[in-house]
Amino acid sequence: MNQNLPEAFEAKMRNLLGGEYDSYINCFDEPRHYGLRVNTAKISVEDFLKIAPWPLDPVPWIHNGFYYDGEACQPAKHPYYFAGLYYLQEPSAMTPADRLPVEPGDRVLDVCAAPGGKATELGARLQGAGVLAANDLSSSRAKGLLKNLELFGIGNMLVLSEEPGKLVPYFSEYFDKILIDAPCSGEGMFRKDRKMIRAWEEHGPEYFAKIQKSIITQAAQMLRPGGMMLYSTCTFSPEENEQTIEYLLEQYPQFHVCEIEGYEGFASGMPEVTASGNEELRKTVRIFPHRMKGEGHFLALLQKGEGEGHAGRLSSSGRGKKLPEELEEFLKDIDREMDPDRIDIRGDKVYYMPAGIPSLKGIRFLRTGLLMGELKKNRFEPSQALAMNLKMEEYRRILNLSVSDDRVIKYLKGETIDVEDLVSSREKGWYLVCVDGYPLGFGKLVNQMLKNKYLPGWRWQSS
């Protein structure tokens with residue numbers, strides 16, 4: 001079958017793949033693969049499989065990744081999606097965040113983070129400790145990134161919208177782990193999305209290689225000595241892959257390439273496509289769609305050599321002030337230890353800040369920390385982000401609905417719901433609405449009717 005691929009691309013792939021070229025071309029006739037990744041910050045893989053509404057097959061190299069039938073089911077139209085229990089992500093694209101060894105308490109940067117597929121996994125792995133800085137140059141894309149992080153219940157985050165070089169003075173040698181899923185020519189996505197071919201013809205590998213070299217060297221300056229950085233693309237181009245890593249190693253010789261946990265379908269990196277022929281590049285990984293059930297990708301895991309590092313500049317707290325009475329009253333209903341010094345009130349908005357972040361004065365950000373809610377006249381109104389960050393057992397007043405209860409969809413559509421059968425007392429106030437034990441949002445009880453406070457921009461769309 002003629003794939004209408006650019007001749008220059010075909011010639012390059014023949015050269016790159018040799019005897020495997022025909023297998024690669026034939027895979028264009030195969031259907032794409034649909035993937036779902038479980039949010040382990042909210043639910044274990046084992047517990048999710050007990051309640052999964054559709055058949056799932058494991059993605060064998062991702063512990064919390066699964067294939068689903070994209071023709072037969074619609075996971076984005078299920079209440080569990082609105083509860084943030086999973087993220088829909090192409091299977092190969094799950095690999096970079098999975099192979100960066102993030103641990104709770106780490107300071108982590110996702111340099112090119114929108115729409116959030118990798119950032120949500122990095123945030124989940126932190127388990128509420130440390131900080132995730134998720135950056136995207138496009139402010140419109142960063143808004144989608146923020147929504148996905150809030151949906152996942154990530155609170156210890158910064159959502160930034162800057163050119164990476166602008167971040168260097170604020171975060172010099174600050175991060176323990178950095179992920180760069182670099183903007184690229186997208187050759188690995190040609191099978192999944194034919195529009196990428198036209199984009200490739202407009203901006204090919206040479207255009208992106210310059211951007212990638214700039215980003216990777218800027219990120220190198222923000223990584224602490226001993227820290228780890230994972231660079232990935234969804235392209236096959238040597239200029240954007242091995243040659244970019246070769247450039248980093250020349251500019252920053254304190255970096256070395258680390259082994260990546262393997263899988264039988266992974267192909268080794270190709271030192272032969274670089275000028276230096278550096279054998280370290282063989283430790284990088286190429287993912288080809290004819291070798292495994294996923295689209296094309298490249299990964300390189302790097303470590304910065306030990307040396308004299310310094311922590312990022314810490315902002316002075318200045319937050320040990322007495323909290324407003326209405327906020328104090330609301331916090332009595334939350335069963336979680338919270339440090340009052342980390343509660344930051346700006347205007348009428350209340351935030352819970354990650355510990356030890358530098359001053360961000362002078363850079364663009366969409367969010368710092370967890371937006372807890374707003375102070376209104378004589379009352380506190382909790383946010384959607386707080387609802388998603390809480391676990392059901394951490395809040396005193398709960399309305400827990402079964403997934404089969406038609407009030408779940410009514411709530412997600414923003415409608416008022418009758419909860420007389422669920423409320424034993426007539427206690428007014430804020431209730432956390434859950435589906436099968438997982439929070440969806442808040443509502444306010446008035447006369448056995450729940451006044452819906454589900455965020456308008458998140459509501460269920462019928463179409």
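- Going from atom CG of L301 over to atom CZ of R99 covers 10.5 Å, rounded to the nearest 0.5 Å.
- Ionic pairing of R141 and D136 is present here: one or more N-O contacts between side-chain nitrogen and carboxylate oxygen are shorter than 4.0 angstrom.
- Between V45 and H63, the shortest heavy-atom contact is CG2-O, 4.0 Å.
- Rounding to the nearest 0.5 Å places OG1 of T244 at 11.0 Å from CG of L249.
- Not a single salt bridge (Lys or Arg N to Asp or Glu O under 4.0 Å) links D98 to another residue, sequence neighbours left out.
- Under the side-chain contact (heavy atoms from CB on, under 4.5 Å) rule, F266 has a single partner from H297, R291, M292, which is M292.
- A 6.0 Å sphere centred on OH of Y81 holds no more than 12 heavy atoms belonging to other residues, nucleotides or ligands.
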Subject >> side chain to side chain contact (heavy atoms under 4.5 Å, CB included) between L302 and H256, intermediate numbers included >> reply: CA-CA 6 Å; L302 302 137; H256 64 271; over 6 Å; no
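- A cation-pi arrangement is found for R346 relative to Y351, the charged atom lying closer than 6.0 Å to the ring centre and inside a 45° cone about the ring normal.
- At a threshold of 4.5 Å between non-hydrogen side-chain atoms, the residues Y68 and L88 count as touching.
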**OP:** Could you please spell out the steps behind the side chain to side chain donor-acceptor pair (under 3.5 Å) verdict for R336 and N389?
**Re:** CA-CA 11 Å; R336 177 195 283 182; N389 183 254; 2.7 Å; yes
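- A salt bridge links D181 with K118: the closest approach of a Lys/Arg side-chain nitrogen to an acidic carboxylate oxygen falls below 4.0 angstrom.
- Residues I287 and T95 are in side-chain contact: their nearest non-hydrogen atoms beyond the backbone lie under 4.5 Å apart.
- Of all non-hydrogen atoms in L36 and P75, the two that sit nearest each other are CD1-CB, 4.4 Å.
- Residues L179 and V111 have side chains not in contact (no heavy-atom distance under 4.5 Å, counting atoms from C-beta outward).
- No hydrogens or angles considered: a donor-acceptor pair under 3.5 Å links the side chains of E187 and W200.
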**OP:** Walk me through it: do V257 and I245 pass the test side chain to side chain contact (heavy atoms under 4.5 Å, CB included)?
**Re:** CA-CA 9 Å; V257 184; I245 302 305; 4.2 Å; yes
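- Between N148 and L146 the shortest side-chain heavy-atom distance does not fall below 4.5 Å.
- Taken to the nearest 0.5 Å, the CE atom of M388 stands 10.0 Å off from the CZ atom of F82.
- The only member of D436, V403, V433, V435 that meets side-chain contact (heavy atoms from CB on, under 4.5 Å) when paired with V408 is V435.
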Original post:
Going through the distances and angles, do E150 and R367 end up as a salt bridge (Lys or Arg N to Asp or Glu O under 4.0 Å)?
Top reply: CA-CA 10 Å; E150 289 187 333; R367 179 62 45 81; 2.3 Å; yes
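- Put simply, the side chain of L299 does not reach to within 4.5 Å of the side chain of Y231, judged on heavy atoms.
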Enumerate donor-acceptor pairs with a distance under 3.5 Å from any side-chain N or O in residues 202-216 to protein atoms, sequence neighbours excluded.
unit_1	atom_1	unit_2	atom_2	d
Q212	NE2	P183	O	2.9
Q212	NE2	E240	OE1	2.9
S214	OG	Q218	NE2	3.2

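- Side-chain contact check for T233 and N241: at least one donor-acceptor pair (N or O, by modelled atom type) lies under 3.5 Å.
- Residues C184 and C234 are in side-chain contact: their nearest non-hydrogen atoms beyond the backbone lie under 4.5 Å apart.
- The pair E242-R282 does not count as a salt bridge, with every side-chain nitrogen at least 4.0 angstrom from each carboxylate oxygen.
- A salt bridge between E121 and R37 is present, with a side-chain N of the basic residue lying under 4.0 Å from a carboxylate O of the acidic one.
- Tested against F288 for a ring pair (Phe, Tyr, Trp, His ring centres under 6.0 Å), the candidates Y21, F236, Y24 yield a single pass: F236.
- Under a cut-off of 6.0 angstrom, the local environment of NZ in K283 is crowded, with over 12 non-hydrogen atoms contributed by other residues, nucleotides or ligands.
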Subject >> Step-by-step side chain to side chain donor-acceptor pair (under 3.5 Å) determination, T235 to S185 >> reply: CA-CA 6 Å; T235 194; S185 60; 2.8 Å; yes
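- Using a distance-only test at 3.5 Å, with no hydrogens or angles considered, no donor-acceptor pair links the side chain of Y252 to the main chain of K304.
- Aromatic pair Y86/W54: centroids less than 6.0 angstrom apart.
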Original post:
Given the rule in the ring pair (Phe, Tyr, Trp, His ring centres under 6.0 Å) test, do Y438 and Y80 qualify, once you have shown the distances and angles that lead to the verdict?
Top reply: CA-CA 8 Å; Y438 299 98; Y80 292 161; 7.2 Å; no
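- Within the 4.5 Å cutoff, no side-chain heavy atoms of Q221 are placed close to those of E173.
- No side-chain donor from either of N64 and R125 sits under 3.5 Å from a side-chain acceptor of the other.
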**OP:** Could you walk me through whether L281 and T274 pass side chain to side chain contact (heavy atoms under 4.5 Å, CB included), step by step?
**Re:** CA-CA 9 Å; L281 297 169; T274 65; 3.5 Å; yes
**OP:** Could you walk me through whether E162 and L137 pass side chain to side chain contact (heavy atoms under 4.5 Å, CB included), step by step?
**Re:** CA-CA 5 Å; E162 277 294 359; L137 181 56; 5.6 Å; no
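- Taking the ring centre of W460 as origin, the terminal cationic atom of K77 falls inside the region bounded by 6.0 Å and 45° from the ring axis.
- Note that CD1 of I260 and OG1 of T284 are 7.0 Å apart. Values are rounded to the nearest 0.5 Å.
- In this structure K413 satisfies the salt bridge (Lys or Arg N to Asp or Glu O under 4.0 Å) test with no other residue, sequence neighbours excluded.
- Counted within 6.0 Å of CD on E7, heavy atoms from surrounding residues, nucleotides or ligands total 12 or fewer; the atom is thus considered open.
- Checking H290 against E20 by side-chain atom types alone, a donor-acceptor pair falls below 3.5 Å.
- Taking 4.5 Å as the limit, every side-chain heavy atom of K177 sits out of range of all side-chain heavy atoms of L223.
- Other residues, nucleotides and ligands contribute over 12 non-hydrogen atoms within 6.0 Å of the CD atom of E272.
- Remark: the backbone N or O of F442 is paired with a side-chain donor or acceptor of Y411 at under 3.5 angstrom.
- Aromatic ring centres of Y67 and Y34 lie farther apart than the 6.0 Å criterion allows.
- One finds no salt bridge joining R32 and E295 here, because no Lys/Arg side-chain nitrogen approaches an Asp/Glu carboxylate oxygen to under 4.0 Å.
- Note that CG of N278 and CD of Q243 are 12.5 Å apart. Values are rounded to the nearest 0.5 Å.
- In this structure, the ring of F28 has its center no less than 6.0 angstrom from the ring center of F190.
- Summarising the geometry, atom CZ belonging to R224 is positioned 12.5 Å from atom OH belonging to Y174; distances are rounded to the nearest 0.5 Å.
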